[in-house]
A.B. asks: 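Quick one: this structure, given as structure tokens, is what I'll be asking you about.
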Amino acid sequence: MNVKSDFFLDYIGKLRDRGVDLNYLAEKYGTPLYFIDGNVVKQNYENLRNAIHEVYDKFLICYAYKANTCIALLKLLNSLGAGAEVVSGGELYAAKLAGVPMDKVVFDGVSKSPGELSYAVFEGVLLINIENIDELYWINKFAEEFNIKVSVGVRVNFDIPTKTHSNISTGARIHKFGLNVENAFKAYSLASKLSHVHVAGIHVHIGSQITDIQPYSMVVDKVLSFCTELKKLLGLELEIIDLGGGFGIPYSIEDSVFPLNDYCKVIEKLEHASKEIFTSQPLLIIEPGRFIVGNAGILLTRVNYVKENYGVKWVLVDAGMNDLIRPALYGAHHPIYNLSSNEDIEIYNVGGPVCESSDVFGFDVKLNRVKRGDLLAIMNAGAYGFSMSSNYNSRPRPAVIMYYDGEVKLVRRRESYADLFSHEIF
Ligand code: LLP
């Protein structure tokens, strides 16, 4: 493989052309350091929005907050018109901090607490997607207390398997998510009888990092026939179809790109068929996370040591699995580059400082010869990087900087040792 000609490296080159010097930024802000490219976020969002717009009029892209909740990023997406998909009280709070109008917020979650449901009802979100019949009683109770009617959707589990990592597949019968068809019908039937609940939508999210279109096509077929039955048997006509997220991105130059054109054909099918079922076009919601921010983030890390152990060359860096857990948790591949060297390529294992053998960002990584102090870029770290980070090994989490329209800003300061213990009572 010719490492020089891949698109990750081309991107680093383009950043340099735009005056974004990652080496300088790492010096200035220290490492480990998360870099977010707001222009890439904007481009990803607009590509998706424009593509869907070609085939469906009434739609809302609710960015999945769990991918990255950096508030500056959320504000940028809000300014572009994106809504929010949130799955906790904390994410709802983030949406408020980012100034997202509540009628663009969808509240999902397989085990929402009564407190979270009450918060979502109080804030007046666009839609609460339930996954348990009992949620309906809570929602109705809180809605009655606040004297409002709450729009509710039901997440249906149609038993659709996906070819993705088993930890991030969510739409099959073995998963905890959603309600099977029979129970979903019961939920709709009950919801339609509750005084403060408005039956509004259907929700399906089958998994993450999906790159083939077939499961999405299945989802749309199932949703359409489900809606037809719902109308026939319960006389209910839904107003919102929420197809979830899950669009995959390439993590290596061999990976395929999400077939957006084919996805749009599936949406077009939905558009045509829905004319037969609905009196007015339902609002289509999609909830992409990774697709919007995945390739817009880089984790910059400094090499602490290079050593050879039993014939294996190890590069030991200052970022760890607590900063980016995807390789340790899913065996995920993130391309890595040495930003400090043009010397010959050598093969290394790249490990972090955490006391776990799984704290390795890559095995047999091809890097320009590495020496102590070099700066490495771990690519595609925009989604599920910082948002899944922790303080394991009592490591303060990195600073985050964001580039947008020619300017780089510090958008999250590096945590201090004092921050680590600021909640302790002793
Ligand atoms: N909607 C719901 C209900 C979800 O559960 C998720 C992701 C999304 C939307 C957004 O999915 P996306 O478009 O980002 O694929 N930590 C894993 C990914 C877990 C995804 C969980 N749910 C990873 O690092 O790959």
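Every number for a ligand or one of its atoms is a count from 1 in the order of the listing. Just so it is clear, the structure is predicted and the values come from calculations on it, not from any experiment.
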A.B. asks: Under a 4.0 Å heavy-atom limit, does Tyr330 contact ligand 1 with its side chain, its backbone, both, or neither?
C.D. replies: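 The answer is the side chain of Tyr330.
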A.B. asks: Below 4.0 Å from any atom of ligand 1, is there a heavy atom belonging to Gly244?
C.D. replies: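 Per 4.0 Å heavy-atom rule, Gly244 does not contact ligand 1.
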A.B. asks: Look at atom 9 (C) of ligand 1 and say which protein heavy atom is nearest, naming residue and atom and giving the distance to 0.1 Å.
C.D. replies: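 Minimum-distance protein heavy atom for atom 9 (C) of ligand 1 reads Glu287 O, 3.2 Å.
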A.B. asks: Do the numbers put Arg326 on top of the ring of Tyr251, so that NZ or CZ is under 6.0 Å from the six-membered ring centre and no more than 45° off the axis?
C.D. replies: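 Judged by the rule (NZ or CZ under 6.0 Å from the ring centre, within 45° of its axis), Arg326 counts as positioned above Tyr251.
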A.B. asks: Do Ser189 and Lys193 have a side chain donor and acceptor closer than 3.5 Å?
C.D. replies: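 There is such a pair between these side chains.
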A.B. asks: List the closest protein heavy-atom neighbour of atom 7 (C) of ligand 1: residue, atom name, distance to the nearest 0.1 Å.
C.D. replies: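 Here the closest protein heavy atom is Lys66 CD, 3.5 Å.
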A.B. asks: What residue and heavy atom of the protein are closest to atom 19 (C) of ligand 1, and at what distance?
C.D. replies: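 The answer is Ile168 CG2, 3.7 Å.
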A.B. asks: Using heavy atoms and a 4.0 Å limit, tell me yes or no: is Gly246 in contact with ligand 1?
C.D. replies: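 Flag set, Gly246 near ligand 1.
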A.B. asks: Side-chain donor-acceptor pair under 3.5 Å between Asp37 and Tyr11, yes or no?
C.D. replies: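 Yes, side-chain donor-acceptor contact under 3.5 Å.
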A.B. asks: So between Phe258, Phe291, Tyr384, whose heavy atom ends up nearest atom 14 (O) of ligand 1?
C.D. replies: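 That would be Tyr384.
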A.B. asks: Of the choices Arg326, His203, Glu131, Arg290, which has the non-hydrogen atom that lies closest to atom 18 (C) of ligand 1?
C.D. replies: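 Among Arg326, His203, Glu131, Arg290, the closest heavy atom to atom 18 (C) of ligand 1 comes from Arg290.
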A.B. asks: Using a strict 4.0 Å threshold on nitrogen-to-oxygen distance, state whether Glu85 and Lys66 make a salt bridge.
C.D. replies: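 Here Glu85 pairs with Lys66 in a salt bridge, since their nearest N and O are under 4.0 Å apart.
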A.B. asks: Considering all heavy atoms of both residues, which atom of Val411 and which atom of Ala72 are nearest to each other, and what is their separation?
C.D. replies: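 Nearest heavy atoms, Val411 then Ala72: CG1-CB, 3.4 Å.
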A.B. asks: Taking atom types as modelled, is there a side-chain donor on Tyr392 or Asp359 under 3.5 Å from an acceptor on the other?
C.D. replies: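 No pair is found: no donor N or O on one side chain lies under 3.5 Å from an acceptor on the other.
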A.B. asks: Below 6.0 angstrom between ring centroids: does that apply to Phe226 and Tyr188?
C.D. replies: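 Yes, the ring centres sit under 6.0 Å apart.
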A.B. asks: Would you mind listing which atoms of ligand 1 come within a distance below 4.0 Å of any non-hydrogen atom of Ala64?
C.D. replies: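 Contacts of ligand 1 toward Ala64, numbered from 1: 8 (C), 9 (C), 10 (C).
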A.B. asks: Under 4.0 Å from a heavy atom of Pro288: give me the atoms of ligand 1 that qualify, with their elements.
C.D. replies: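 What qualifies from ligand 1 is 13 (O).
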A.B. asks: For a quick check under 3.5 Å, do Asn304 and Asp318 share a side-chain donor-acceptor pair by atom type?
C.D. replies: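 Absent: no donor and acceptor within the cut-off.
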A.B. asks: Which residue and atom name correspond to the protein heavy atom nearest atom 15 (O) of ligand 1, and how close is it?
C.D. replies: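 The protein heavy atom lying closest is Ser208 OG, 2.4 Å.
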A.B. asks: Heavy atom under 4.0 Å from ligand 1: found in His205's side chain, backbone, both, or neither?
C.D. replies: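 His205 to ligand 1: side-chain contact only, backbone stays beyond 4.0 Å.
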A.B. asks: Can you tell me which residue and heavy atom of the protein come closest to atom 3 (C) of ligand 1, and the distance to 0.1 Å?
C.D. replies: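 The closest heavy atom on the protein side is Glu85 OE2, 3.4 Å.
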A.B. asks: Please could you name the atoms of ligand 1 that Gly289 approaches to less than 4.0 Å, counting only its heavy atoms?
C.D. replies: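 Those of ligand 1 that fall under 4.0 Å from Gly289 are 12 (P), 13 (O), 14 (O).
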A.B. asks: Which of these, Ile61, Leu60, Asn44, sits in a side-chain contact (heavy atoms from CB on, under 4.5 Å) with Arg49?
C.D. replies: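 In the set Ile61, Leu60, Asn44, the residue that makes a side-chain contact (heavy atoms from CB on, under 4.5 Å) with Arg49 is Ile61.
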A.B. asks: If we only count N/O pairs under 3.5 Å, is Gly207 in contact with ligand 1?
C.D. replies: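 There is no such contact.
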A.B. asks: For Tyr45 together with Tyr63, are the ring centres under 6.0 Å from each other?
C.D. replies: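 No, the ring centres sit 6.0 Å or more apart.
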A.B. asks: Closer than 4.0 Å to some heavy atom of Asp108 - which atoms of ligand 1 meet that?
C.D. replies: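 Going through ligand 1 atom by atom, the ones under 4.0 Å from Asp108 are 3 (C).
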A.B. asks: I'd like to check which ligand 1 atoms, numbered from 1 as shown, lie under 4.0 Å from a non-hydrogen atom of Gly245.
C.D. replies: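 Going through ligand 1 atom by atom, the ones under 4.0 Å from Gly245 are 9 (C), 13 (O).
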A.B. asks: Provide the closest heavy-atom pair for Ile130 versus Ala187 in the form atom of the first, atom of the second, distance.
C.D. replies: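 In terms of heavy atoms, the two residues are closest at CD1-CB, 4.1 Å.
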